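Take a look at the structure set out below.
All values reported here derive from a predicted model rather than from experimental measurement. Order of appearance sets the numbers: ligands from 1, and atoms from 1 within every ligand.
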Amino acid sequence: MNQNEIVAALSAAIGAEQVLHDDTSRAHFSHDLFHSGLPPACVVVPRTPEDVVDAVRVATTAGHPVVPRGGGMSYTGGYVANDDKAVMFDLRRLDRVLEIDEVNRFVTVEADCTWAKLHEALAAKGLRTPYWGPLSGKKATIGGTLSQNSVFFGSVRHGSAAESVLSVDVVLADGACASRLGW
Ligand SMILES: Cc1cc2nc3c(=O)[nH]c(=O)nc-3n(C[C@H](O)[C@H](O)[C@H](O)COP(=O)(O)OP(=O)(O)OC[C@H]3O[C@@H](n4cnc5c(N)ncnc54)[C@H](O)[C@@H]3O)c2cc1C
């Protein structure tokens with residue numbers, strides 16, 4: 001599809017207000033801290049996981065690559081698409097702490113909850129996660145950090161980000177949702 005067509009298809013699926021295609025937004029999402037690429041065709045800003053599923057399905061069925069972006073705090077080109085057909089997913093609206101289970105000692109968060117937000121929610125209860133986020137954790141998200149499996153002070157004792165995770169829900173490239181992949 002050309003740019004107008006993919007914007008129209010995504011807007012029909014999840015609502016036009018969740019599909020950015022102005023030049024300023026596309027330019028902003030074309031680079032990380034150190035690397036620049038081509039502006040993506042558009043940027044999806046989903047409000048719910050279901051929106052992610054629907055938008056991924058629309059984009060990949062039409063042959064467009066999809067690229068997730070969290071807090072945008074990485075500098076290794078991971079989310080720099082360098083493809084003007086790419087559909088970028090800015091996931092920062094999916095930032096809720098869904099559950100803190102104090103008895104069984106686990107938390108459930110949306111993918112783009114920041115480490116700072118989780119830390120504050122747990123500190124209010126006198127708790128913390130073993131891995132407690134990277135130095136960039138005021139902006140960096142749990143989804144982005146898991147993708148890169150980051151480490152920080154305390155990792156010698158508590159391990160990397162992934163070692164504090166029990167399971168994840170994953171949206172696959174065809175828009176299917178694989179739930180609760182555990183390890
Ligand atoms: C000042 C500063 C301090 C830093 N400190 C540390 C540190 O202490 N330790 C460390 O390891 N790193 C550090 N970093 C690097 C970086 O901030 C971390 O790797 C951080 O975890 C990136 O998280 P993010 O949410 O910003 O991800 P992004 O930069 O947005 O994305 C990172 C990668 O994850 C992918 N991604 C994002 N969200 C998702 C998702 N929901 N699902 C699947 N894939 C996704 C992206 O496509 C990209 O490939 C630092 C960077 C800066 C600028």
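The atoms of ligand 1 that sit less than 4.0 Å from any heavy atom of Ser150 are 10 (C), 11 (O). Atom numbering of ligand 1 starts at 1 in the shown order; those under 4.0 Å from a heavy atom of Tyr75 are 15 (C), 51 (C). With ligand atoms numbered from 1 in the order given, ligand 1 contributes 20 (C), 21 (O), 23 (O) to contacts under 4.0 Å with heavy atoms of Thr145. Close approach of ligand 1 to Ala111 is summarised as follows: ligand atoms under 4.0 Å from at least one heavy atom of the residue are 41 (N).
Here the shortest heavy-atom pairing between Met88 and Tyr79 reads CE-O, 3.4 Å.
No more than 12 heavy atoms of other residues, nucleotides or ligands lie within 6.0 Å of NE2 in His21, so this atom counts as exposed by the packing criterion.
Under a 3.5 Å cut-off, the side chain of Gln18 and the backbone N or O of Gly15 do not form any donor-acceptor pair. A donor-acceptor pair is defined here as one N or O able to donate and one able to accept, closer than 3.5 Å; such a pair exists between the side chain of Trp132 and the backbone of Phe153. Looking only at distances, no side-chain donor or acceptor of Arg26 sits under 3.5 Å from a matching main-chain atom of Val43. Put simply, the side chain of Asn104 never gets that close to the backbone of Phe106: no donor and acceptor are under 3.5 Å apart. No donor-acceptor pair closer than 3.5 Å links the side chain of Glu99 to the backbone N or O of Thr108. With Thr60 contributing its side chain and Ala173 its backbone, the two residues share a donor-acceptor pair below 3.5 Å.
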- [ ] Applying side chain to side chain donor-acceptor pair (under 3.5 Å), run through Tyr131 and Ser150 and close with a yes or a no.
- [x] CA-CA 9 Å; Tyr131 182 79; Ser150 80; 2.5 Å; yes

Open item on the list: Evaluate Lys85 against Asp83 for salt bridge (Lys or Arg N to Asp or Glu O under 4.0 Å), listing each step before the verdict.
Closed with: CA-CA 5 Å; Lys85 289 182 78 67; Asp83 184 337; over 6 Å; no

- [ ] For salt bridge (Lys or Arg N to Asp or Glu O under 4.0 Å), just list the numbers for Asp95 and Lys117, CA-CA rounded to whole Å, side-chain angles, deciding distance to a tenth of an Å, and then say yes or no.
- [x] CA-CA 8 Å; Asp95 68 346; Lys117 187 169 182 176; 3.5 Å; yes

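The proximity of Pro134 to ligand 1, defined as any non-hydrogen pair under 4.0 Å, involves the side chain as well as the backbone. The part of Leu33 lying near ligand 1 is the side chain, judged by heavy-atom distances below 4.0 Å. Only side-chain heavy atoms of Asp112 come within less than 4.0 Å of ligand 1; its backbone N, CA, C and O stay farther off.
Distance from atom 9 (N) of ligand 1 to its nearest protein heavy atom, with residue and atom name: Val151 O, 2.6 Å. Protein heavy atom nearest atom 29 (O) of ligand 1, with residue, atom name and distance: Ser74 OG, 2.6 Å. Atom 8 (O) of ligand 1 has Leu135 N, 3.0 Å as its closest protein atom, hydrogens excluded (heavy atom only). Nearest non-hydrogen protein atom to atom 41 (N) of ligand 1 is Leu91 CD1, 3.4 Å. Ranking protein heavy atoms by distance to atom 24 (P) of ligand 1, first place goes to Gly71 N, 3.5 Å. Scanning the protein heavy atoms around atom 35 (C) of ligand 1, the nearest turns out to be Ser147 OG, 3.4 Å. Ranking the protein heavy atoms by distance from atom 43 (C) of ligand 1 puts Pro68 CG, 3.9 Å first. The shortest contact between atom 22 (C) of ligand 1 and any protein heavy atom is with Gln148 OE1, 3.7 Å.
Of the polar atoms of Gly72, at least one N or O is found under 3.5 Å from an N or O of ligand 1, judged by distance alone.
Side-chain contact, Ser74 with Asp32: no donor N or O sits under 3.5 Å from an acceptor N or O.
Ligand 1 lies nowhere less than 4.0 angstrom from a heavy atom belonging to Phe153.
If you check each of Gly78, Ser155, Gly133 against atom 49 (O) of ligand 1, the one with the closest non-hydrogen atom is Gly78. Between atom 14 (N) of ligand 1 and the options Ser136, Ala140, Gly77, the minimum heavy-atom separation is to Ser136. Of the candidates Arg69, Arg92, Met73, Lys138, it is Met73 that places a heavy atom closest to atom 26 (O) of ligand 1.
Looking only at side-chain heavy atoms (C-beta outward), Val67 and Pro40 stay at 4.5 Å or farther from each other.
Of the protein's heavy atoms, none falls inside 4.0 Å of atom 1 (C) of ligand 1.
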